[in-house]
Amino acid sequence: MKKSFLAWYLFLVFFLFSCAVIEIKEDIFSKKGKFSLASNSEYFSGTINVNDVEKRIQLSLDSVSKDFKISFKDEEIKTNFKYENIIKESDFKLFLEWFFFKCTNIECQNFALQNLKLKKHLSNKSGLIIQGNFQKFRLSLKLNDI
């Protein structure tokens, strides 16, 4: 009886310690902010979370319950949505490289493609601000360090 109790007790102790060692990885983001897309007749807004280290973006539209996730690692784009109808993959890669590149001089602040023109500005007080035009929409994005 004592041996089975001791074995059960040791099993319980090892199980609890193994559970304590397992680390659950949460979505830890280094920047949070707001964005908006507006045209003469349409308006979209939401929140954006960015992890610079893992190069991940999570977009949440105010009126949609689904989060849109983008991961850009080793020149590979992974998303939980289809973007090919909006932008070509090569152009999307260029945008993501520009987005995650820490820019200090004027030459790298501007980004332009066929229907996309953006400018980013990094401020100590207000964080990262990106403004521009995409097709018929005006884009405004503001990210703050957490």
Side-chain angles (χ1 to χ4, degrees), residues 7-146:
W8 182 249
Y9 178 75
L10 287 173
F11 170 75
L12 187 61
V13 167
F14 286 123
F15 178 75
L16 290 176
F17 278 121
S18 66
C19 288
V21 171
I22 296 172
E23 183 178 325
I24 299 172
K25 184 178 179 180
E26 296 180 17
D27 288 338
I28 299 173
F29 294 99
S30 57
K31 295 180 181 175
K32 277 189 167 185
K34 297 246 179 214
F35 71 92
S36 65
L37 281 168
S39 72
N40 291 337
S41 60
E42 298 170 297
Y43 179 79
F44 303 98
S45 66
T47 58
I48 181 169
N49 298 312
V50 176
N51 183 322
D52 285 328
V53 177
E54 296 180 12
K55 293 188 177 178
R56 289 187 305 139
I57 302 171
Q58 178 178 321
L59 300 166
S60 302
L61 290 172
D62 289 341
S63 59
V64 180
S65 62
K66 178 183 178 180
D67 291 334
F68 299 94
K69 299 177 182 178
I70 303 165
S71 175
F72 184 60
K73 189 171 186 178
D74 298 329
E75 298 292 318
E76 184 180 352
I77 301 171
K78 292 183 182 177
T79 65
N80 65 344
F81 62 94
K82 294 188 183 243
Y83 59 86
E84 291 86 4
N85 293 339
I86 302 168
I87 189 169
K88 294 188 298 186
E89 183 175 357
S90 59
D91 293 344
F92 198 30
K93 281 183 183 179
L94 289 173
F95 166 74
L96 290 172
E97 288 172 358
W98 175 80
F99 182 82
F100 285 111
F101 182 70
K102 295 195 185 317
C103 182
T104 55
N105 56 10
I106 295 173
E107 291 81 29
C108 63
Q109 289 179 350
N110 295 324
F111 181 79
L113 289 172
Q114 294 173 350
N115 296 325
L116 178 65
K117 290 181 177 53
L118 300 173
K119 183 176 182 173
K120 67 179 169 180
H121 173 70
L122 185 60
S123 169
N124 292 336
K125 290 183 180 181
S126 58
L128 178 67
I129 298 170
I130 296 177
Q131 294 178 324
N133 298 314
F134 177 65
Q135 295 178 352
K136 62 179 182 175
F137 292 95
R138 291 177 307 280
L139 171 70
S140 177
L141 183 138
K142 183 177 177 186
L143 279 174
N144 296 315
D145 291 335
I146 298 175

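All heavy atoms count here, side chains included; hydrogens, waters and symmetry mates do not.
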Q. How close do F100 and N51 get, heavy atom to heavy atom, and via which atoms?
A. CE2-O, 3.9 Å
**Q.** Gap between atom CG of L118 and atom CD of Q109 - 0.5 Å precision
**A.** 12.5 Å
(Q) Under the rule for side chain to side chain contact (heavy atoms under 4.5 Å, CB included), what residues qualify as partners of L37, not counting sequence neighbours? (A) F44, F137, L139
Q.
According to side-chain hydrogen bond (donor to acceptor under 3.5 Å, both in side chains), does anything in residues 110-119 pair up with another residue at least two apart or in another chain? List the pairs.
A. none
**Q.** Nearest-0.5 Å distance that lies between atom CG in L116 and atom CZ in F92
**A.** 10.5 Å
**Q.** Reported NZ-to-CD1 distance for the pair K34 and I48, which is rounded to 0.5 angstrom
**A.** 12.0 Å
Q.
Could you work out, with ring pair (Phe, Tyr, Trp, His ring centres under 6.0 Å) as the rule, every residue matching F72, not counting sequence neighbours?
A. none
Q: Any chance you could measure S140, atom OG, to Q131, atom CD, to the nearest 0.5 Å?
A: 5.0 Å
For residues 74-88, run the donor-acceptor check on the side chains, cut-off 3.5 Å, and write out each pair with its distance to 0.1 Å, sequence neighbours left out.
unit_1	atom_1	unit_2	atom_2	d
T79	OG1	F81	O	2.5
N80	OD1	K69	N	2.8
N80	ND2	D67	O	2.9

Q. Taking atom CG of L141 and atom NZ of K120, what is their separation to the nearest 0.5 Å?
A. 11.0 Å
**Q.** Taking every non-hydrogen atom, the tightest pair across I57 and L96
**A.** CD1-CD2, 3.9 Å
Q: Measure across W98 and C108 and return the closest heavy-atom pair with its distance rounded to 0.1 Å.
A: NE1-O, 2.9 Å
Q. What residues, two or more places apart in sequence or in another chain, satisfy ring pair (Phe, Tyr, Trp, His ring centres under 6.0 Å) together with F35?
A. none
Q. Is the number of heavy atoms from other residues, nucleotides or ligands under 6.0 Å of K93 NZ greater than 12?
A. yes
Q) Which residue pairs pass the side-chain hydrogen bond (donor to acceptor under 3.5 Å, both in side chains) test when at least one of the two sits in residues 36-47, sequence neighbours left out? A) E42-K136, S45-D62
(Q) What I'd like to find out is whether the side chain of I130 reaches to under 4.5 Å of the side chain of F111, using heavy atoms alone. (A) no
